[in-house]
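Below is one structure, written out as structure tokens; the observations come after it.
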Amino acid sequence: MSKLVLPAEPVLNLSGKKIEETTGSVQGVGTHSGLLSTIHNIGVLIHRWSGRYSVLATIFVITLGYLFLLRTVMVVTYTSLDKVTIWQELQLLFVGLQYDVLVALCFVFPQLIHITFLSERRLKGRMNRLLLDLTWIIAFLFLPFFCITEYVFFDEFQSRLNYIAFEYIVYPTEVCCNIWESYPLIELLALVVLCGISCWILLRKNFHARVATSMPWQKRYGIFFSCLAVIAILWSSTSAESRQVSRDRIVNECSWNGLYSFVYYAWTCRFDFNKNYMTIADAEVKQRLRQQIVSDGDDLKQFSNNPVDRVIQTGQPEQDYNVVLILEESLGSDFIGALGDKRGLTPHFDTLTKQGLLFDHFYATGNRTARALEAVMTSMPPIPTESILKRDHSEHVYTLANVLAGRDYERLFMTGGRGLFDGVRSFMRANGFNHFIEQSDFHDPIFANAWGVSDEDLFHKALTELDGLEKSGRPFFATILTVSNHRPYTYPEGRIPENEQTRENAVKYADWALGYFFREAQSHDFYQNTIFVVMGDHGARVSGSQLFPMSSYRVPVLMIQPAGKAAGTRCSTLACSLDIAPTIMGRLGSAYRSVFFGYDVLQADPTRGRAIMQHNHDVALLDSQNRMVVLGFGKSSAGFQLDRATHQLNQQKNPDQEMLHNAVAFFQAAFELYYSDRWYPDPQNNPQKDPGI
């Protein structure tokens with residue numbers, strides 16, 4: 001029989017009403033009853049001692065509960081638990097708890113300031129009570145909303161909230177419409193409201209009663225500065241690198257916190273490369289760039305302000321072929337039957353490979369469309385985090401369109417979406433394109449969704465536009481960017497047998513529309529004198545446990561040339577999106593001015609192939625021996641060996657130093673040349689000085 005004597009004092013239940021005073025003994029029946037009674041009374045004592053701060057303690061615990069539940073669901077759903085050691089699981093939970101405690105403390109900190117420094121009289125005032133009610137409602141609605149949002153984001157990108165989430169806030173039209181069309185939004189919002197309002201109704205009376213509790217200023221200040229000290233300690237001891245608990249990328253993503261990652265990526269989306277990544281001396285950068293980029297036959301402009309400013313001699317006679325570049329949204333190599341897929345998703349693309357040259361060892365430079373456009377147009381290595389399409393200094397960048405403008409080409413850019421998205425319209429108009437068509441230029445489209453008009457609408461209008469350019473009597477360069485192969489995976493009925501909204505069916509529809517375009521184009525006058533390049537802008541989604549998800553970066557590239565040249569052949573030289581512009585120029589022949597970092601894949605030595613890539617804060621260089629070096633934030637680096645059959649990266653003890661320095665030279669130079677406005681051939685070519693990089 002247990003007995004616990006407590007001083008007489010009224011106790012409040014969750015509704016804020018008094019319950020009977022405890023003046024005597026609390027009797028327990030048996031050991032179990034006594035233990036529950038003891039725990040209850042300890043809770044009462046803590047509740048009394050903390051007074052008004054028990055409100056924040058309750059919100060703090062609820063926040064931790066939501067975050068812990070979210071992490072648990074992610075771990076169970078997305079990680080391969082059989083591949084994770086017990087030690088790694090413990091590390092995941094411990095590191096995750098650190099993040100969650102830090103975030104939960106920051107979450108309640110504004111109210112901590114409020115109830116610490118506001119006078120007791122004002123705390124009890126009506127306006128303050130209304131303000132507190134509003135604050136609590138927002139907090140309790142935000143927590144379930146955030147967990148659902150992050151789970152959906154993780155399902156799509158296999159990542160905690162990163163810079164993509166930060167960028168998407170800028171484009172509410174596409175994002176909100178996409179969410180509305182992709183998910184049962186009414187049901188999810190109902191769940192959010194149910195969870196949030198229920199917590200508020202259950203706790204508000206108790207909260208108001210507790211907030212009104214009188215406390216001496218010494219105690220209030222002691223609690224406040226203790227919390228502030230804990231936040232400071234966690235802030236200084238926890239960083240983005242803390243999440244690296246294993247070599248499994250998904251495990252690492254699960255270990256950290258989405259609110260922390262969102263703020264982290266927002267804060268570091270535009271930082272100084274030289275302060276945060278490995279660097280080498282300017283003289284070495286210049287030397288390595290010229291060794292890696294400039295060919296023996298090139299006419300290097302020795303005193304240009306760009307170290308690789310040169311005139312490239314293609315060795316081929318000039319051909320004024322038209323060029324049509326088709327960037328297929330999210331078309332990774334893993335969908336392509338000609339590249340080994342057995343699901344039959346791309347019969348039209350597979351048939352087209354018999355008419356052209358298929359590049360089967362190509363990698364995208366990033367996992368977003370803006371990255372593909374940047375790489376294909378400028379042949380510039382990707383600067384970590386966001387694409388240059390949305391950065392400042394993007395008004396004077398040398399592109400493939402600029403090169404062809406010098407040959408008197410018409411230059412057309414077409415997208416089925418809005419030109420505002422990702423800064424596409426402003427970038428293309430500022431850098432070489434003299435015609436731009438976007439969603440608002442389509443009248444009465446057959447079908448449209450959150451991202452724009454359907455691929456068949458885009459291709460139908462493209463045929464008309466290309467006919468018009470053909471009648472101008474000048475050669476033309478047209479870039480066509482599709483949008484259909486994207487969540488919510490909707491498309492016109494009757495084009496393919498399936499109607500279900502799935503990624504695979506969206507691929508089938510995109511392939512059908514591509515087949516439609518080529519069937520129709522063959523009867524148009526421009527067809528016989530046109531080079532067509534069809535490629536995936538990036539893979540369908542970031543997937544897999546690799547720290548750098550290689551399987552998501554491999555994309556198909558198909559080139560169809562006039563007179564059936566090289567029809568039905570393949571090129572297996574390692575290459576990436578940076579190499580598209582030089583390879584096209586190689587087919588057009590003659591000489592041209594260039595500052596491009598890419599190379600003509602069809603003229604390159606296959607033993608010296610390379611691919612340059614970016615994933616979040618990491619940038620990488622892959623060579624033809626399947627060696628890979630990755631440069632990370634915080635001046636880190638790592639070396640890997642790629643298994644091409646499985647796309648697995650096997651980490652090496654130390655990265656190859658020669659390759660590491662080459663990688664540093666590429667990315668360091670790209671950052672410095674871009675931000676010093678030197679990604680353009682120097683019109684002066686001043687022989688009085690040599691600017692270094």
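Residue numbers run from 1 in the order of the sequence given. We use all heavy atoms of the structure for the numbers below, so side chains are in, but hydrogens, waters and symmetry mates are not. Because the structure is predicted, anything quoted here is derived from the model rather than measured.
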message: Test salt bridge (Lys or Arg N to Asp or Glu O under 4.0 Å) on Glu150 and Arg71; report intermediate values, then the result.
response: CA-CA 10 Å; Glu150 190 174 15; Arg71 177 175 291 103; over 6 Å; no
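- Between the side chains of Thr607 and Asp605, at least one donor N or O lies within less than 3.5 Å of an accepting N or O.
- To the nearest 0.5 Å, atom CD1 of residue Ile179 and atom CZ of residue Arg487 are 10.5 Å apart.
- Of the possible donor and acceptor atoms, one in the side chain of Thr482 sits under 3.5 Å from a partner among the backbone N and O of Glu329.
- Counting only distance, with no hydrogens or angles, the side chain of Lys390 and the backbone of Gly423 share no donor-acceptor pair below 3.5 Å.
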message: I'd like to know whether Tyr599 forms a side chain to side chain contact (heavy atoms under 4.5 Å, CB included) with Val601, so could you lay out the CA-CA distance, the side-chain angles of the two residues, the decisive distance to 0.1 Å, and finally the verdict.
response: CA-CA 6 Å; Tyr599 54 76; Val601 183; 4.2 Å; yes
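- Atom NZ of residue Lys635 and atom CG of residue Asn276 lie 7.0 Å apart, to the nearest 0.5 angstrom.
- Taking the six-membered ring for Trp, Tyr265 and His617 have ring centres closer than 6.0 Å.
- The aromatic rings of Trp451 and His486 are tilted relative to each other, their planes meeting at an angle between 30° and 60°.
- Two residues are said to be in side-chain contact when any heavy atoms from C-beta on lie closer than 4.5 Å; Thr479 and Phe477 meet this criterion.
- Dense packing is recorded around CZ of Arg343, with more than 12 heavy atoms of other residues, nucleotides or ligands lying under 6.0 Å away.
- Aromatic ring orientation, Trp235 versus Tyr260: tilted (interplanar angle from 30° to 60°).
- Within the 3.5 Å criterion, the main-chain N or O of Ala575 finds no donor-acceptor partner in the side chain of Asp579.
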task: Could you give me the CA-CA distance, side-chain angles and deciding distance for Arg288 and Glu658, then say whether salt bridge (Lys or Arg N to Asp or Glu O under 4.0 Å) is met?
output: CA-CA 10 Å; Arg288 288 183 177 275; Glu658 183 72 12; 3.0 Å; yes
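- Atom CG of Leu481 sits about 4.0 Å away from atom OG1 of Thr415, to the nearest 0.5 Å.
- Here the closest non-hydrogen pair linking Asn662 and Gln292 is ND2-NE2, 3.5 Å.
- Ring-centre distance between Phe667 and Phe671: not below the 6.0 Å cut-off.
- Using cut-offs of 30° and 60° on the angle between ring planes, the pair Phe153 and Phe157 is tilted.
- A donor-acceptor pair under 3.5 Å is formed between the side chain of Arg587 and the backbone N or O of Thr583.
- In terms of modelled atom types and a separation under 3.5 Å, the side chain of Ser255 and the main chain of Arg243 share a donor-acceptor contact.
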task: Run the numbers on Trp267 and Phe262 for ring pair (Phe, Tyr, Trp, His ring centres under 6.0 Å), then give the verdict.
output: CA-CA 9 Å; Trp267 185 261; Phe262 181 81; over 10 Å; no
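- A side-chain donor-acceptor contact under 3.5 Å links Ser333 to the backbone of Val555.
- Taking the six-membered ring for Trp and thresholds of 30 and 60 degrees, Tyr680 and His396 have nearly parallel ring planes, at less than 30 degrees apart.
- Taking the six-membered ring for Trp and thresholds of 30 and 60 degrees, Phe633 and Tyr264 have ring planes more than 60 degrees apart, a perpendicular arrangement.
- Distance check: Thr399 OG1 to Glu374 CD gives 12.5 Å after rounding to the nearest 0.5 Å.
- Looking at Asp309, its side chain never comes within 3.5 Å of a backbone N or O of Asn306 through a donor-acceptor pair.
- For the pair Tyr592 and Leu400, the minimum side-chain heavy-atom distance is 4.5 Å or more.
- For Phe433 and Phe413, the distance between ring centers is under 6.0 angstrom.
- The two residues Glu328 and Ala510 make their nearest non-hydrogen contact at OE1-CB, 3.9 Å.
- Ring geometry for Tyr78 against Phe154 counts as tilted: the plane angle lies between 30° and 60°, on a 0 to 90° scale.
- Note: Leu331 CG to His538 NE2 = 10.0 Å, rounded to the nearest 0.5 Å.
- Closest approach of Val245 and Gln88 over heavy atoms only: O-CG, 3.8 Å.
- His647 and Tyr553 share no donor-acceptor pair across their side chains, judged by distance under 3.5 Å alone.
- With respect to Arg570 and Asp360, a salt bridge is recorded, a charged nitrogen being found less than 4.0 Å from a carboxylate O.
- The residues Asp422 and Arg368 are annotated as salt-bridged, a charged nitrogen and a carboxylate oxygen being separated by less than 4.0 angstrom.
- Leu649 is listed as a side-chain neighbour of Met550, based on a closest heavy-atom distance under 4.5 Å.
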- prompt: Arg627 and Asp656: salt bridge (Lys or Arg N to Asp or Glu O under 4.0 Å), yes or no, with the steps?
  reply: CA-CA 8 Å; Arg627 298 177 302 172; Asp656 179 85; 3.4 Å; yes
